[in-house]
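Some notes on the structure that comes next.
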Amino acid sequence: MHRDPFRYAFDRPGASRDVGFDDEGVLFMPIFDEFNVDLVLSAHLHTYRNRGHVRNFDRDPSGPLYILTGIAGDARRPKWKQHPLDVYVAPQPETNNYMSMTVTPNKLIVKSFLPDGTQLDESVIEK
């Protein structure tokens, strides 16, 4: 999905926002839970975050794995504060990244890399 289900806090002159879940998260995350979705990839915030497995808006290994896919191109956003459910946050200041996904009959491996090939993060879902 493009819009991220998690809401990140920020403080800027004249504007601020608390951490939580966006309207998209409140709407879609219970559906993902109900239908046992394995992986939710989102974008929009131009940052890489691995939230781990979340069910019912809290850490739960039985829930979907949520990954915010990161930066591509020249769009940069303000530095978001860390969300309490973040498991991994790309080093700051962030640069572009890319991801790969390997699928086998029993396993899904998702990796994130810097443009030079340095691996940032890896998650494995086994079935």
Side-chain angles (χ1 to χ4, degrees):
M1 59 190 298
H2 177 79
R3 298 276 309 188
D4 189 63
F6 289 64
R7 184 177 66 222
Y8 281 86
F10 64 82
D11 287 316
R12 293 192 304 238
S16 67
R17 181 171 74 183
D18 291 329
V19 70
F21 298 92
D22 279 334
D23 292 342
E24 291 79 9
V26 172
L27 176 66
F28 286 104
M29 290 173 77
I31 296 169
F32 298 151
D33 291 349
E34 179 181 351
F35 290 98
N36 296 311
V37 169
D38 293 320
L39 174 65
V40 177
L41 299 174
S42 60
H44 189 67
L45 299 181
H46 297 266
T47 184
Y48 180 86
R49 310 283 172 117
N50 179 339
R51 289 63 169 271
H53 296 271
V54 176
R55 181 177 295 280
N56 198 25
F57 304 101
D58 202 359
R59 177 80 50 236
D60 185 328
S62 73
L65 173 64
Y66 286 86
I67 295 180
L68 182 55
T69 59
I71 294 178
D74 63 356
R76 299 291 189 264
R77 297 290 188 256
K79 184 176 178 183
W80 306 105
K81 293 184 179 183
Q82 189 161 345
H83 194 284
L85 293 173
D86 286 340
V87 172
Y88 177 84
V89 177
Q92 303 293 316
E94 284 189 74
T95 184
N96 294 344
N97 67 286
Y98 67 94
M99 296 178 67
S100 70
M101 189 180 305
T102 304
V103 180
T104 70
N106 301 356
K107 196 180 291 186
L108 173 65
I109 304 167
V110 181
K111 296 180 182 181
S112 178
F113 301 89
L114 293 175
D116 68 3
T118 301
Q119 184 174 323
L120 293 175
D121 189 35
E122 178 177 333
S123 294
V124 178
I125 299 172
E126 295 190 56
K127 289 294 219 171

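For the single chain, residues carry numbers from 1 onward in sequence order.
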Q. Are any non-hydrogen side-chain atoms of Asn97 and Thr69 less than 4.5 angstrom apart?
A. no
**Q.** ILVMFWY network linking Leu114 to Val89, side-chain heavy atoms under 4.5 angstrom
**A.** no
Would you be so kind as to tabulate the donor-acceptor pairs closer than 3.5 Å made by side chains of residues 24-37, with sequence neighbours excluded?
from	atom 1	to	atom 2	distance (Å)
Asp33	OD2	Asn56	N	2.8
Asn36	OD1	Arg55	NH2	3.3

Q: Grab the two heavy atoms, one from His83 and one from Gly20, that are nearest each other, plus how far apart they are.
A: NE2-O, 2.9 Å
(Q) Has Asn50 got a side-chain atom pairing as donor or acceptor with Val87's backbone, closer than 3.5 angstrom? (A) no
Q: Measure the OG-OH distance between Ser42 and Tyr66 for me, rounded to the nearest 0.5 Å.
A: 9.5 Å
**Q.** Side chain to side chain, Tyr98 and Pro115, heavy atoms closer than 4.5 Å
**A.** no
Q: Please work out whether the ring planes of Phe21 and Phe6 are parallel, tilted or perpendicular, with thresholds of 30° and 60°.
A: tilted
Q. Under a 4.5 Å cut-off applied to non-hydrogen side-chain atoms, are Met99 and Val110 in contact?
A. yes
Q.
Between Ile109 and Glu122, does the side chain to side chain contact (heavy atoms under 4.5 Å, CB included) criterion hold? Intermediate values first, please.
A. CA-CA 7 Å; Ile109 304 167; Glu122 178 177 333; 3.8 Å; yes
Q. Given side chains that start at C-beta, do those of Tyr8 and Asp18 come closer than 4.5 Å, heavy atoms only?
A. no
Q. Do the side chains of Ile67 and Ile125 join up, straight or via other hydrophobic residues, at under 4.5 Å, putting them in one cluster?
A. yes
Q) Between Ser62 and Asp60, does any side-chain donor sit less than 3.5 Å from a side-chain acceptor? A) yes
Q) Is there side-chain contact between Glu94 and Tyr48, with heavy atoms separated by less than 4.5 Å? A) yes
Q. Does the Ser112 side chain pair with the main chain of Asp121, one donor and one acceptor, at a distance under 3.5 Å?
A. no
Q: Find out whether Thr95 and Ile71 are in side-chain contact, i.e. whether some heavy atom of one side chain is under 4.5 Å from a heavy atom of the other.
A: no
Q. Are Arg7 and Val19 side-chain neighbours, meaning at least one heavy-atom pair lies under 4.5 Å?
A. no
Q. Under 3.5 Å, is there a donor-acceptor pair between the side chain of Asp86 and the main chain of Tyr88?
A. no
Q.
So which atom in His53 and which in Arg59 form the shortest heavy-atom distance, rounded to 0.1 Å?
A. O-NH1, 3.3 Å
(Q) Let me check something: do Leu108 and Leu41 share a hydrophobic cluster, defined by ILVMFWY side-chain heavy atoms less than 4.5 Å apart, either directly or through other members? (A) yes
Q: State yes or no: do Val40 and Val54 share one hydrophobic cluster built from I, L, V, M, F, W and Y residues joined by side-chain heavy-atom distances below 4.5 Å, directly or via other members?
A: yes
**Q.** Atom pair CD (Gln119) and NZ (Lys111), whose distance is rounded to the nearest 0.5 Å
**A.** 5.0 Å
**Q.** Nearest non-hydrogen partners of Ala90 and Leu120, listed with the distance
**A.** CB-CD1, 4.4 Å
Q: Apply the side-chain hydrogen bond (donor to acceptor under 3.5 Å, both in side chains) test between Asp4 and each candidate in His44, Arg49, Arg51; give the one that qualifies.
A: Arg51
Q) Going hydrophobic residue to hydrophobic residue with side-chain gaps under 4.5 angstrom, can you get from Val124 over to Met101? A) no
Q. Would you say Asp38 and Pro64 make side-chain contact, with heavy atoms under 4.5 Å?
A. no
